[in-house]
Amino acid sequence: MSAPSAAGEEFRDDVRRRRPLPPEVVRRLCELDPWRSTAAVLKTLLVLAAAVAAALTWWSPWVVLPAVVVVAGCQQAFFVLAHEAAHYRLYGNRALNDAVGRALATAAGLSLCT
């Protein structure tokens with residue numbers, strides 16, 4: 001058995017190309033849901049605030065170390081949400097999408113202006 005080539009030949013016969021999703025399914029999966037986007041942003045902010053508050057309230061390694069892990073998870077969620085905003089997939093309103101995306105990117109140490 002030979003090793004796969006570095007040119008990506010192992011992905012040439014992709015099963016998705018043989019059985020594509022029906023257009024109506026793709027359309028439904030691509031719909032923007034502003035309520036769901038808002039819920040994801042607020043949930044991430046709430047979890048972040050709770051982790052920071054817990055770490056500041058009970059300053060001990062038993063609380064601070066798990067809080068650091070939770071904060072790292074929230075940063076990753078901010079990266080994902082900012083990436084979606086960069087592709088205009090959070091909100092249908094472009095100005096709102098840009099404002100929320102830039103705020104999330106700034107909180108994660110990124111810039112959406114470039």
Could you pull out every donor-acceptor pair under 3.5 Å between side chains of residues 49-75 and any protein atom, sequence neighbours left out?
| residue | atom | partner | partner atom | Å |
| --- | --- | --- | --- | --- |
| Thr57 | OG1 | Ala53 | O | 2.7 |
| Ser60 | OG | Trp62 | N | 3.4 |

Subject >> Closest heavy-atom pair and its distance - Ser111, Ala105 >> reply: N-CB, 4.4 Å
**OP:** Answer with yes or no whether the hydrophobic clustering places Phe79 together with Leu112; edges join I, L, V, M, F, W, Y residues whose side-chain heavy atoms lie under 4.5 Å apart.
**Re:** no
Original post:
Going from CD on Glu24 to CG on Leu29, what distance comes out if it is rounded to the nearest 0.5 angstrom?
Top reply: 10.5 Å
Original post:
For Val80, what are the other residues in its hydrophobic cluster, where any two members join if their side-chain heavy atoms are less than 4.5 angstrom apart?
Top reply: none
Output a table of donor-acceptor pairs, distance under 3.5 Å, between side-chain atoms of residues 87-94 and any protein atom two or more places apart or on a different chain; print 'none' if there are none.
| residue | atom | partner | partner atom | Å |
| --- | --- | --- | --- | --- |
| His87 | NE2 | His83 | NE2 | 3.1 |
| Tyr88 | OH | Arg94 | NE | 3.4 |
| Tyr88 | OH | Arg94 | NH2 | 2.9 |
| Arg89 | NH2 | Cys30 | O | 2.3 |
| Tyr91 | OH | Thr38 | N | 3.4 |
| Tyr91 | OH | Thr38 | OG1 | 2.8 |
| Asn93 | OD1 | Ala95 | N | 2.9 |
| Asn93 | OD1 | Leu96 | N | 3.2 |

Subject >> Co-membership, hydrophobic cluster, residues Leu110 and Leu81, 4.5 Å side-chain >> reply: no
